[in-house]
Asks: 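Before anything else, here's the structure in question.
Since we're looking at a predicted model, the values are computed, not measured. The basis for the numbers below is simple: all heavy atoms, side chains too, and nothing from hydrogens, waters or symmetry mates. Chain letters run A, B, ... following the sequence lines, proteins first and then strands; every chain starts at 1.
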Number of protein chains: 4
Amino acid sequence: MQEFDIVLRNACVNGSHTCDIGIKNEAITALGLGLVPTEDTEVIDCEGAVVTPGGIDGHVHLAQDRSPRARAAGYVSADTIETGTRSAVAGGTTTVLLFAEQAKGQSLKEQVANYHLLAQEQGSYADYGFHAIITDPTEEVLENELPILARTGGIMSMKLFLTYKHMRISDKQFLKALKKARELKMVALVHAENGDLVDFFTEHLEEMGLTEPMYKAIAHPLEAEAEAVNRAVTFSSIMDTPMVIVHVSVQEPMQIIRKAQSLLKPVFAETCPQYLLLGKQMLAEEHFCGAKYICSPPLRSYPKEIEAIWRGIVNGTFTIFSSDHCPYRFNDPQGKQLGFSRDCNGDPKGIFTKIPNGLPGVETRVPLLFSEGVLKRQCIDVKRFVELTSENPAKLYGLYPKKGAIQIGSDADLVIWHQQESFIPKRLNHDRDLHDGCDYSPYEGIEFLNWPRMTLLRGKIVFREGSIVGKRGYGQFIRRKPCSLPFQRRMGKQWNVLQAAL
Amino acid sequence: MQEFDIVLRNACVNGSHTCDIGIKNEAITALGLGLVPTEDTEVIDCEGAVVTPGGIDGHVHLAQDRSPRARAAGYVSADTIETGTRSAVAGGTTTVLLFAEQAKGQSLKEQVANYHLLAQEQGSYADYGFHAIITDPTEEVLENELPILARTGGIMSMKLFLTYKHMRISDKQFLKALKKARELKMVALVHAENGDLVDFFTEHLEEMGLTEPMYKAIAHPLEAEAEAVNRAVTFSSIMDTPMVIVHVSVQEPMQIIRKAQSLLKPVFAETCPQYLLLGKQMLAEEHFCGAKYICSPPLRSYPKEIEAIWRGIVNGTFTIFSSDHCPYRFNDPQGKQLGFSRDCNGDPKGIFTKIPNGLPGVETRVPLLFSEGVLKRQCIDVKRFVELTSENPAKLYGLYPKKGAIQIGSDADLVIWHQQESFIPKRLNHDRDLHDGCDYSPYEGIEFLNWPRMTLLRGKIVFREGSIVGKRGYGQFIRRKPCSLPFQRRMGKQWNVLQAAL
Amino acid sequence: MQEFDIVLRNACVNGSHTCDIGIKNEAITALGLGLVPTEDTEVIDCEGAVVTPGGIDGHVHLAQDRSPRARAAGYVSADTIETGTRSAVAGGTTTVLLFAEQAKGQSLKEQVANYHLLAQEQGSYADYGFHAIITDPTEEVLENELPILARTGGIMSMKLFLTYKHMRISDKQFLKALKKARELKMVALVHAENGDLVDFFTEHLEEMGLTEPMYKAIAHPLEAEAEAVNRAVTFSSIMDTPMVIVHVSVQEPMQIIRKAQSLLKPVFAETCPQYLLLGKQMLAEEHFCGAKYICSPPLRSYPKEIEAIWRGIVNGTFTIFSSDHCPYRFNDPQGKQLGFSRDCNGDPKGIFTKIPNGLPGVETRVPLLFSEGVLKRQCIDVKRFVELTSENPAKLYGLYPKKGAIQIGSDADLVIWHQQESFIPKRLNHDRDLHDGCDYSPYEGIEFLNWPRMTLLRGKIVFREGSIVGKRGYGQFIRRKPCSLPFQRRMGKQWNVLQAAL
Amino acid sequence: MQEFDIVLRNACVNGSHTCDIGIKNEAITALGLGLVPTEDTEVIDCEGAVVTPGGIDGHVHLAQDRSPRARAAGYVSADTIETGTRSAVAGGTTTVLLFAEQAKGQSLKEQVANYHLLAQEQGSYADYGFHAIITDPTEEVLENELPILARTGGIMSMKLFLTYKHMRISDKQFLKALKKARELKMVALVHAENGDLVDFFTEHLEEMGLTEPMYKAIAHPLEAEAEAVNRAVTFSSIMDTPMVIVHVSVQEPMQIIRKAQSLLKPVFAETCPQYLLLGKQMLAEEHFCGAKYICSPPLRSYPKEIEAIWRGIVNGTFTIFSSDHCPYRFNDPQGKQLGFSRDCNGDPKGIFTKIPNGLPGVETRVPLLFSEGVLKRQCIDVKRFVELTSENPAKLYGLYPKKGAIQIGSDADLVIWHQQESFIPKRLNHDRDLHDGCDYSPYEGIEFLNWPRMTLLRGKIVFREGSIVGKRGYGQFIRRKPCSLPFQRRMGKQWNVLQAAL
Ligand SMILES: [Zn+2]
Ligand SMILES: [Zn+2]
Ligand SMILES: [Zn+2]
Ligand SMILES: [Zn+2]
Ligand SMILES: [Zn+2]
Ligand SMILES: [Zn+2]
Ligand SMILES: [Zn+2]
Ligand SMILES: [Zn+2]
């Protein structure tokens with residue numbers, strides 16, 4: 001007879017059926033009716049509430065303040081790996097994919113090692129992996145370092161930038177990196193904005209003295225995103241390599257992506273809570289508060305673009321839903337205030353180019369989509385919610401079925417929601433509700449119709465009724481495998497220039 | 001402790017993880033490792049082979065020879081409910097949705113009652129439900145009969161035809177029927193071809209004496225399908241009512257459907273094995289054998305349209321994959337030979353308009369998609385295979401989660417596949433392999449890389465290692481609920497002309 | 001040496017170059033510098049003003065009140081052929097294409113003869129031709145009457161309706177008519193709205209008591225137009241026959257048409273002044289004045305659809321620009337007041353279904369496009385203006401190069417505009433400015449930046465500085481030739497079912 | 001009475017009407033019937049043959065071998081301005097737009113001056129203008145040189161490259177150049193291929209030793225063109241500046257362009273004879289003859305892409321039809337043989353990267369489109385032929401109405417064609433028929449159904465019945481004005497970053 005460390009009673013698994021879940025040795029070992037606890041078994045009554053797999057956040061920047069440029073600019077991330085992952089589990093996310101960033105001239109392998117060390121030092125509450133940010137795809141990096149990282153390091157994804165002066169790579173470097181990604185079965189994440197276009201607009205705004213946060217939305221026109229997405233999708237197709245376009249924020253690139261998907265090009269897409277919920281008018285908030293909403297791509301038109309993004313959530317254009325958590329404190333000279341200045345009259349003046357780029361969101365991501373999509377709009381069901389927040393990121397990033405599923409053998413990473421009928425809707429209050437290192441949330445005041453009651457990571461309860469009960473350092477590094485989402489390959493093992501064009 | 005009637009050991013559930021499945025009282029009651037059998041428990045070792053939920057075939061014509069017109073024309077269906085459902089379970093399908101057909105002037109309610117009786121008399125091997133074919137949407141039918149059928153009869157779908165002289169309804173009748181479908185939460189299935197266009201082409205072919213089976217492909221141009229699909233999709237959108245376009249056979253309507261789906265119109269689509277595998281050149285087979293492939297819409301261009309249909313299988317355009325099983329014996333004066341004639345010289349002559357319309361396929365549907373899609377092309381994974389053949393039909397037609405899932409509480413309708421490594425590929429031989437009442441299969445000679453080893457229906461093994469072991473009459477009528485696939489409603493409970501246009 | 005009846009000095013021909021135009025015996029016989037008048041030559045100094053070819057209005061209903069149904073309903077057209085063509089020439093239109101309408105059961109040939117008689121009796125100021133409205137395409141009509149009308153009658157176009165209970169034909173009749181059009185080299189004009197859909201909506205509005213003029217816009221949803229256009233375009237393509245979709249009013253059908261045009265399908269499109277300038281809010285005007293704007297398709301959303309229509313004017317989607325002049329007097333019990341009623345309390349009540357359908361516009365068409373398109377928006381040049389209002393209708397309807405061009409040998413049908421710099425903009429006042437038989441203009445109050453100074457028809461000045469100087473009866477019936485706009489034929493002389501599908 | 005230097009009798013002007021054309025002092029001064037010659041008048045009887053305006057070739061490289069890189073590589077153009085323009089007039093082209101090329105580091109103004117000198121020295125048979133190729137858009141060039149060239153030099157177009165290592169500019173330079181083009185009312189011509197992608201493919205082919213001419217088609221995948229066109233179109237739209245995409249060779253960029261045109265973006269497109277007539281299989285011709293067909297973009301798939309290009313000719317996607325004449329002799333060590341080599345065994349070996357890039361075509365352009373489009377396919381009429389070859393290039397490049405029209409006041413640049421009925425079709429033979437400095441024609445052997453009988457330039461006959469009769473040096477430099485094709489401007493005089501995004 002099976003023995004269990006924990007039995008969850010009356011769990012409405014993925015919203016589709018109700019049963020008990022038995023957990024032993026970190027994993028799910030039974031789904032059934034009337035599972036029999038032994039003396040040591042902890043029994044938790046879910047009371048028929050929904051239980052979903054632990055969230056997997058495929059896009060989280062923690063301690064992303066260690067590059068020479070960040071140090072020079074004086075940015076300090078609001079979250080360490082400790083505080084960021086603490087926040088994650090409190091919001092139902094049990095695995096995060098962080099970024100190990102190579103700066104130009106640096107060794108990528110060394111930087112990955114540094115981030116491993118950092119994770120050890122700071123201690124993670126959640127399981128984690130790394131995406132390798134490649135800003136300098138030298139032959140050494142591509143031919144020597146990357147194969148080691150992929151084959152023995154379990155790092156199965158690279159992040160490439162088409163914008164930001166210090167990070168962007170040329171189209172030729174992009175093609176080379178994709179060729180290597182294909183060979184190593186890595187997935188390429190792409191920040192797709194046309195850097196030259198953004199710079200050109202930014203400089204014109206600066207010349208006109210238009211530097212307040214609201215001009216961020218002008219500086220990054222949607223055409224910059226659409227153009228870069230079209231280019232990236234072309235390259236993905238021609239290199240026959242799976243690619244994720246991260247943080248898609250508007251309709252036009254969505255259409256490019258969906259057309260490619262219709263034709264079975266290996267293109268996946270990510271969107272983020274800010275593009276589902278926040279319009280660019282937030283950037284105009286008074287007293288420099290617009291700075292809280294500075295991110296790239298910027299917030300877009302409400303409701304036009306926001307409705308389009310919701311359509312992509314529903315119609316399948318988006319494969320994953322991530323936070324792009326990248327927090328900077330608002331009231332902090334090493335945070336958003338870096339972009340605060342005064343003009344010659346001493347009047348306050350925002351300089352959007354100096355405001356650190358990014359929003360917090362790792363804790364709110366899962367509850368936001370559940371509350372807004374499943375409960376308020378009722379435009380997605382729990383199955384799709386789970387795909388977006390857990391199953392698909394797990395498959396895309398090589399974690400499945402260890403992660404991303406409530407099935408026998410999977411890690412017992414679980415979110416127990418509140419019984420819907422008895423949950424009292426709450427308006428988000430950062431200081432009361434959240435567990436990150438930041439001092440605000442962009443979703444402050446939004447009403448949540450549910451919230452994780454408990455989060456389990458590998459069979460341990462790490463968050464319970466509002467309180468962190470997990471241990472710092474319990475989170476493990478996860479060595480990943482290749483993408484297991486189905487996608488079409490046009491060529492055999494080797495990429496071949498003769499077959500590459502369609 | 002749980003007791004089990006049956007335990008399946010080492011089942012690779014939906015291709016994603018391996019565990020035991022415990023079954024009690026017709027239902028799945030446990031998923032776990034090392035489930036403990038009792039004395040009465042039958043233990044079946046799946047040896048790590050894939051186990052999937054029993055197939056649900058949403059489009060099956062059995063005994064569809066009872067309308068006045070069919071009787072007049074002398075058609076006899078090759079399958080009764082007995083032989084057709086026997087064939088179904090032998091191919092891994094445990095639930096079939098049959099058609100109860102109203103002829104013009106008849107009462108729909110009476111015809112449904114007749115089909116109930118017929119099922120009782122002939123006895124089903126599989127569980128079954130009915131779609132109501134409405135050819136005469138009188139006020140009596142719409143206002144009195146249909147509400148009873150839906151609310152107490154568990155018949156939650158109507159089938160409407162835009163072609164066939166004896167069945168087609170006008171656009172106005174179509175709109176009225178959709179309004180009623182919306183009110184009753186029924187789904188509308190639509191056979192979408194422009195009947196006038198098909199008739200016009202057919203008459204021109206007849207005038208030219210071009211009546212051999214191959215001219216069927218000319219008589220039903222793809223434009224007839226594309227036009228009708230566009231019209232149907234427009235009406236679905238304007239009436240805010242979920243609709244399934246059945247047996248989509250070419251690319252152009254797929255594009256119309258996908259565009260509508262992108263915009264969250266409540267449009268679902270079905271395709272069938274013949275459009276994935278057979279090209280129209282089959283219609284030119286010698287010795288009148290082209291008649292075996294006569295169906296509507298007709299077979300299309302190979303490989304152009306066939307590749308397009310596969311894309312729709314992969315990219316999500318198709319919600320369900322059904323057989324459109326509608327069998328007529330080839331060597332039978334009440335079957336395909338009805339279209340065989342001789343000219344004045346005594347030379348053989350085919351007359352496609354007199355050949356009964358339809359192909360057998362209820363038994364081959366599930367193994368074909370598994371073999372061709374999951375194993376040969378590897379373009380879909382088992383998850384998508386299950387969605388297409390079982391989960392989505394269950395949701396669309398109101399059977400979920402009783403049917404369509406391997407989860408606690410669901411009916412123990414299961415297909416155990418052969419261990420992949422040890423299965424010896426076999427080329428299909430109708431007489432040796434199949435269990436239907438027909439005398440040929442259009443898929444004869446195709447190599448299958450796997451085949452159901454066992455089929456269970458509500459916890460009983462009904463097919464085992466090539467033999468039917470179920471009992472005639474074990475199959476039950478299933479009262480259905482509304483569609484549970486997520487779709488968007490633009491209006492509240494009542495359809496409202498003021499909001500209907502976009 | 002050439003002698004001239006008239007010499008126009010300093011004419012800025014089609015806005016591109018300035019020269020003299022010499023006219024002799026009704027035709028243009030010279031373009032040059034310093035043409036030498038003789039004693040009898042009238043010399044008109046154009047002072048460098050633009051001169052364009054006389055407008056050709058391809059869509060004019062005059063005396064369209066003679067069908068049994070019109071008589072029964074009590075409609076009387078506000079314009080006879082006399083008043084309508086008087087109005088035409090006063091607005092720079094020298095040729096009008098009228099409709100000879102067959103009612104069901106009638107002979108088409110007889111009705112054409114009747115319209116010929118009527119034109120004789122009433123007397124035309126403009127040259128004219130007839131489109132044959134076919135509502136009853138019997139074999140007699142198609143096989144016997146139509147060939148005579150086309151081959152000896154010079155009637156090279158048929159008009160077909162997909163809506164209006166008394167006029168609509170079935171899809172099969174539509175296909176048959178197109179086949180005959182192809183054979184006779186006629187062009188098919190199509191009023192494309194789905195009649196069943198319009199009826200269904202209308203009945204629902206009536207049930208709710210929503211009958212005021214503004215509900216006309218609801219009763220004819222844009223989907224009714226888009227659906228019918230898609231169907232018509234499909235049929236045009238499959239029958240390989242040139243077709244004009246008349247009075248396109250919204251974006252969606254424009255996209256269908258442009259896609260077809262991109263693929264070289266023989267599809268042309270027409271729009272009308274009301275869809276360029278008037279939004280549906282006009283229908284809500286007080287005191288039943290909304291009735292003045294009742295037409296089909298109805299006025300649409302301002303500015304969304306109006307901007308789309310302008311795009312089609314500029315990008316080439318629209319081949320011709322016609323008035324769809326169909327006037328009913330407002331203050332007239334046989335005009336718009338037919339739809340005015342009182343409820344049981346004696347309160348006024350509009351009934352849109354009883355309001356005669358149509359707007360006047362034959363006089364304003366040419367000046368409106370010149371003023372709004374060439375001068376205000378500057379989105380088209382004079383070349384495109386001439387194509388839309390004269391050259392293309394001439395080519396499409398077989399009048400070119402006799403009509404539609406300022407070139408040697410063409411009829412001297414000319415519009416002399418006012419010198420732009422010296423024209424004082426005027427706001428339209430129906431009673432002061434127009435010459436029709438109606439009692440209002442829907443464009444009342446719009447500011448015109450230019451207006452024809454003189455109109456010449458076959459070398460005679462028929463309108464001069466605001467006054468009609470032409471003679472009733474001077475206008476001639478024009479026997480037409482086949483369409484000379486370039487379009488692609490997929491087949492040879494005979495339409496062939498085997499090649500018809502793509 | 002008008003006096004004439006020349007009278008053309010019975011000219012079928014632009015294929016639409018027949019009259020006489022009177023010419024005096026280089027210009028057209030009369031169109032009429034029975035123009036009266038005086039003693040000195042030369043009378044030419046056109047016998048009813050078509051007469052069209054002299055061709056304007058908007059894309060001609062003559063003496064394009066003067067850049068440091070060309071000198072280093074050892075290329076010598078097969079045509080000087082003398083031989084190239086001689087060839088032009090023999091093919092009915094009376095005006096050519098040549099390129100004045102700045103190499104990196106050079107002054108643009110100086111190079112333009114050099115080309116002016118060269119034209120003086122070599123002597124032109126045709127009128128000509130210059131496009132300024134900008135490869136180094138320094139502040140000096142953009143702010144000082146370009147305004148002078150545009151405002152006083154009559155150079156109203158710039159050419160920008162997105163490929164070729166020595167010529168390509170960055171996206172930021174592209175944006176800056178467009179901003180300046182807008183300010184100066186210049187048109188931007190863009191060679192749109194993604195240079196990095198072409199280089200990447202080329203290097204992979206070289207690594208594999210695949211360097212024969214046929215691999216040119218692989219090295220420049222259509223995706224390189226589609227991507228760059230999408231980027232260029234985006235920039236045109238965002239910078240609100242008219243742009244011509246030159247030498248479009250495949251369908252995908254056509255679709256991007258047509259979509260932009262539908263939305264009234266200021267995007268024009270050019271295609272060339274080679275993309276209408278030659279497939280990439282020509283590159284595989286034996287004995288290194290494939291080298292004759294090396295150009296960029298390369299020849300594409302026959303008939304797929306060729307049919308698509310024809311559609312663009314017909315449906316209006318293409319605004320102009322140019323030759324991209326860029327000739328290198330085949331049997332010449334300074335021509336195509338630069339790419340001929342021998343491997344270690346002494347076997348012949350082609351190296352496509354060393355083969356000078358380009359085809360001759362200035363003489364065949366006009367007769368090819370007339371013969372293939374107007375006469376063989378009959379897919380365009382003479383009006384459209386004239387638009388593509390003369391009227392639109394004249395308007396686009398600021399030459400209209402001096403050039404590009406047969407109307408009073410225009411230069412008497414005319415092509416008299418042969419009477420169609422009496423022309424004996426001839427298969428092209430380079431040495432017999434053409435007048436260029438090259439030693440082959442890619443159109444050798446193609447049958448021409450007509451050919452210019454005479455060419456007149458500013459009232460002088462320069463080509464007559466197969467012989468050059470014009471004088472070297474008669475051709476003049478033409479100072480140009482801004483584009484007069486209608487296009488939409490979204491902004492006022494100044495480009496404004498705040499309005500730039502849509
Ligand atoms: Zn990013
Ligand atoms: Zn990020
Ligand atoms: Zn059917
Ligand atoms: Zn069927
Ligand atoms: Zn109409
Ligand atoms: Zn009309
Ligand atoms: Zn080029
Ligand atoms: Zn060139």
Side-chain angles (χ1 to χ4, degrees), chain A residues 1-2 4 11 13-22 24 27-36 254-255 258-259 261-265 307 310-312 314-317 374 377-384 387 391 395 400-402 404-410 484-489, chain B residues 1-2 4 11 13-14 16-22 24 27-36 254-255 258-265 307 310-312 314-317 374 377-384 387 391 395 400-402 404-410 484-489:
Chain A
M1 202 187 90
Q2 284 189 287
F4 303 111
V13 179
N14 291 333
S16 76
H17 64 289
T18 300
C19 67
D20 298 348
I21 302 174
K24 181 76 189 171
I28 296 166
T29 56
L31 294 158
L33 299 174
L35 294 188
V36 184
M254 279 176 58
Q255 288 169 340
R258 186 153 172 90
K259 189 176 160 197
Q261 291 170 338
S262 294
L263 296 170
L264 309 188
K265 307 293 173 72
E307 289 305 315
W310 273 110
R311 274 203 296 281
V314 177
N315 71 22
T317 303
V374 178
R377 288 182 177 245
Q378 298 182 23
C379 61
I380 54 173
D381 59 9
V382 178
K383 180 188 179 188
R384 178 83 182 127
E387 283 176 356
E391 178 181 337
K395 290 179 170 173
Y400 191 87
K402 178 179 173 59
I406 300 183
Q407 57 190 33
I408 308 308
S410 293
S484 67
L485 281 173
F487 63 89
Q488 305 303 302
R489 276 268 156 86
Chain B
M1 203 187 88
Q2 282 190 288
F4 304 111
V13 178
N14 289 335
S16 77
H17 65 287
T18 300
C19 66
D20 299 347
I21 303 174
K24 182 76 191 173
I28 296 166
T29 55
L31 294 158
L33 298 173
L35 294 188
V36 184
M254 280 176 57
Q255 289 169 340
R258 186 153 171 88
K259 189 176 159 199
Q261 290 171 338
S262 294
L263 296 170
L264 309 188
K265 308 294 172 72
E307 290 304 316
W310 273 109
R311 275 202 295 282
V314 177
N315 70 21
T317 304
V374 179
R377 289 181 177 246
Q378 299 182 20
C379 62
I380 54 172
D381 60 9
V382 179
K383 179 188 180 189
R384 177 83 181 126
E387 284 176 355
E391 179 180 338
K395 290 178 171 173
Y400 191 87
K402 177 179 173 60
I406 300 182
Q407 58 191 33
I408 308 309
S410 292
S484 68
L485 281 173
F487 63 89
Q488 305 304 301
R489 275 268 156 86

Asks: Work out which heavy atom in B:S16 is nearest to a heavy atom in A:P401; give both atom names and the distance.
Replies: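 Looking at all heavy atoms of both residues, the closest pair is O-CG, 3.7 Å.
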Asks: As an exercise, state the distance from CG of B:L264 to SG of A:C379, rounded to the nearest 0.5 Å.
Replies: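 Spacing of CG (B:L264) from SG (A:C379) equals 8.0 Å.
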Asks: Measuring heavy-atom distances to chain B, does A:Q488 have an atom under 4.5 Å in its side chain, in its backbone, in both, or in neither?
Replies: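 When you check distances to chain B, only side chain atoms of A:Q488 fall under 4.5 Å.
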Asks: For the interface with chain B, which of A:S484, A:G312, A:S410, A:G32 has the highest count of heavy-atom pairs at distances below 4.5 Å?
Replies: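 Ranked by heavy-atom pairs under 4.5 Å with chain B, first place is A:G32.
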Asks: Picking from B:I380, B:V314, B:T317, which has the most non-hydrogen pairs under 4.5 angstrom with chain A?
Replies: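 Top count of heavy-atom pairs under 4.5 Å with chain A: B:V314.
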Asks: Looking at A:L485, A:D20, A:L33, A:I28, which has the largest count of heavy-atom pairs under 4.5 Å with chain B?
Replies: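 Looking at each of A:L485, A:D20, A:L33, A:I28 in turn, A:L33 comes out on top.
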Asks: Which one, B:G409, B:S262, B:A405, leads in non-hydrogen pairs under 4.5 Å with chain A?
Replies: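 Going by pairs under 4.5 Å, I would pick B:S262.
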Asks: Please classify the contact between A:E307 and chain B as side chain, backbone, both or neither, with a heavy-atom cut-off of under 4.5 Å.
Replies: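 No part of it gets close to chain B.
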Asks: With heavy-atom distances below 4.5 Å as the criterion, would you say the side chains of A:N315 and B:Q261 are in contact?
Replies: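 No, too far: nothing below the 4.5 Å cut-off.
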Asks: Residues in salt bridge (charged side-chain N to carboxylate O under 4.0 Å, His left out) with A:R489, at least two apart?
Replies: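 A:R489 satisfies salt bridge (charged side-chain N to carboxylate O under 4.0 Å, His left out) with no other residue.
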Asks: Examine whether an atom of A:K395 lies under 4.5 Å from a heavy atom of chain B, and if so say whether it belongs to the side chain, the backbone or both; otherwise answer neither.
Replies: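 For A:K395, side-chain heavy atoms alone lie under 4.5 Å from chain B.
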Asks: When heavy-atom pairs shorter than 4.5 Å are enumerated against chain B, which of A:Q378, A:E391, A:Q255 gives the highest number?
Replies: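 Result: the option with the highest number of such pairs is A:E391.
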Asks: Heavy-atom distance under 4.5 Å to chain B: side chain of A:L35, backbone, both or neither?
Replies: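 Only the side chain of A:L35 comes within 4.5 Å of chain B.
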Asks: Is any side-chain heavy atom of B:R384 less than 4.5 Å from a side-chain heavy atom of A:P486?
Replies: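 Of all side-chain heavy-atom pairs linking A:P486 with B:R384, none is under 4.5 Å.
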Asks: Identify which part of A:Y400 has an atom lying under 4.5 Å from any heavy atom of chain B, answering side chain, backbone, both or neither.
Replies: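 For A:Y400, the side chain is the part near chain B, not the backbone.
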Asks: With only heavy atoms counted, which part of A:K383 is less than 4.5 Å from chain B, the side chain, the backbone, both or neither?
Replies: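 Just its side chain gets close to chain B.
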Asks: Could you tell me whether the side chain of A:Q2 and the main chain of B:G34 form a donor-acceptor pair under 3.5 Å?
Replies: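 Judged by distance alone, no pair lies under 3.5 Å.
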